[in-house]
Amino acid sequence: MLNIVLFGPPGAGKGTQSANLIKKYNLNHISTGDLFRKHLSEGSELGKLAQQYMNEGNLVPDKVVIGMVEDHLDQNTEAKGYIFDGFPRTVAQAEALDRVLQKRDTPINLMMALEVPEDELRVRLLERGKISGRPDDQNVEKINNRIKVYINETMPVADYYKKQNKFVAVNGVGEINHIFQNLCHEIDSVN
Ligand code: AMP
């Protein structure tokens, strides 16, 4: 079992790199943002609840996120491991994830943080908004709010994993494949 948290601000490349990593290591991808967007497109109650937070670039309440992740884990028990992308985003989520994984006897092996300067993030998110049509990527205010939320609420999660000696930083600027190779190198050193 190989459980990895892929960490980083919005626009750091977590989705792109997760897609490559799940193929190479045969892992299950848990992107909480993607799961919320799926609920939204299906018009579920969970989707409606999440929408108000997502529209403003705020975090969906911890309890809702954790419940959704637990459901996903229960539905994918045959997986060889998971890549958590965009989760945990608060220390409470990280603690809850540890409890959930402890029950399954499959702890987090590694947290990899993709580091990208703020100015580059803004450029990337606006570009992505043009292509994907994601409403939270269209508008500079919403983007700024997401970066602010990341700094205030999500960055402390890095310290949580540093204390467990599971944290590594990876430069998220440059060639996608070069960044991918660096991520693989970090995984191979714990796997
Ligand atoms: P993402 O696709 O990861 O950028 O997530 C899009 C939006 O979904 C975020 O701005 C939040 O509103 C919500 N979201 C995704 N993951 C989480 C999470 N772990 N905790 C709280 N809200 C989340």
Side-chain angles (χ1 to χ4, degrees), residues 3-22 27-74 76 82-101 108 111-116 118 120-161 172:
N3 290 328
I4 291 169
V5 174
L6 192 55
F7 187 75
K14 301 186 295 295
T16 306
Q17 295 297 346
S18 292
N20 294 333
L21 291 169
I22 56 164
L27 301 172
N28 183 281
H29 185 197
I30 305 190
S31 158
T32 42
D34 285 351
L35 289 174
F36 282 131
R37 279 184 288 278
K38 187 162 178 276
H39 276 283
L40 210 75
S41 71
E42 289 166 354
S44 74
E45 284 307 313
L46 182 63
K48 282 179 208 155
L49 189 149
Q51 186 170 31
Q52 46 184 318
Y53 298 96
M54 294 172 80
N55 279 349
E56 300 303 320
N58 291 325
L59 295 183
V60 178
D62 288 336
K63 241 181 142 178
V64 178
V65 187
I66 293 158
M68 184 176 71
V69 169
E70 268 202 274
D71 281 349
H72 182 96
L73 291 171
D74 287 341
N76 293 276
Y82 301 90
I83 292 207
F84 296 92
D85 160 6
F87 175 88
R89 254 174 158 102
T90 63
V91 172
Q93 289 179 17
E95 288 168 348
L97 180 61
D98 271 353
R99 282 195 295 273
V100 168
L101 293 179
I108 292 293
M111 181 220 234
M112 300 190 292
L114 285 170
E115 295 191 331
V116 177
E118 249 184 74
E120 166 94 13
L121 295 174
R122 288 196 184 84
V123 173
R124 287 189 188 182
L125 289 169
L126 282 169
E127 268 313 301
R128 185 170 78 183
K130 282 187 215 155
I131 299 161
S132 72
R134 262 181 68 166
D136 54 350
D137 283 344
Q138 306 281 333
N139 161 310
V140 180
E141 272 169 33
K142 285 183 190 175
I143 289 175
N144 284 341
N145 188 45
R146 276 155 69 213
I147 294 174
K148 195 180 94 196
V149 166
Y150 172 78
I151 293 169
N152 294 337
E153 299 181 54
T154 303
M155 274 191 21
V157 176
D159 290 330
Y160 180 85
Y161 289 98

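Throughout, residue positions are numbered sequentially from 1 according to the sequence presented. Keep in mind that the numbers below use all heavy atoms, side chains included, and drop hydrogens, waters and symmetry copies. One-based numbering, in listed order, for ligands and for the atoms of each.
Asp34 meets the salt bridge (Lys or Arg N to Asp or Glu O under 4.0 Å) test with Arg37; sequence neighbours excluded. For Phe7, the ring-ring contact (aromatic ring centres under 6.0 Å, His included) partners at least two apart in sequence or on another chain are Tyr150.
In this structure, of Ile30, Val60, Thr32, the residue bringing a heavy atom nearest to atom 21 (C) of ligand 1 is Val60. For atom 13 (C) of ligand 1, the nearest non-hydrogen atom from the set Met54, Met68, Arg89, Arg134 comes from Met54.
Arg89 places a side-chain N or O within 3.5 Å of a backbone atom of Gly86 that can act as its donor or acceptor partner. In this structure a side-chain-to-backbone donor-acceptor pair under 3.5 Å is missing from Lys48 to His39. The backbone N or O of Val149 sits nowhere less than 3.5 Å from a side-chain atom of Glu153 that would complete a donor-acceptor pair. With hydrogens and angles ignored, the 3.5 Å screen pairs a side-chain donor or acceptor of Asn145 with a backbone N or O of Glu56.
In terms of protein heavy atoms, atom 23 (C) of ligand 1 is closest to Phe36 CE1, 3.9 Å.
Within the listing of ligand 1, atoms 11 (C), 12 (O) sit less than 4.0 angstrom from a heavy atom of Asn58. Counting atoms of ligand 1 from 1 in the listed order, those under 4.0 Å from a heavy atom of Gln93 are 18 (C), 19 (N), 20 (N), 21 (C). Residue contact check: Arg37 has heavy atoms under 4.0 Å from atoms 2 (O), 6 (C) of ligand 1.
Contacts between Lys14 and ligand 1, counted as non-hydrogen atom pairs separated by less than 4.0 Å, are absent for every part of the residue.
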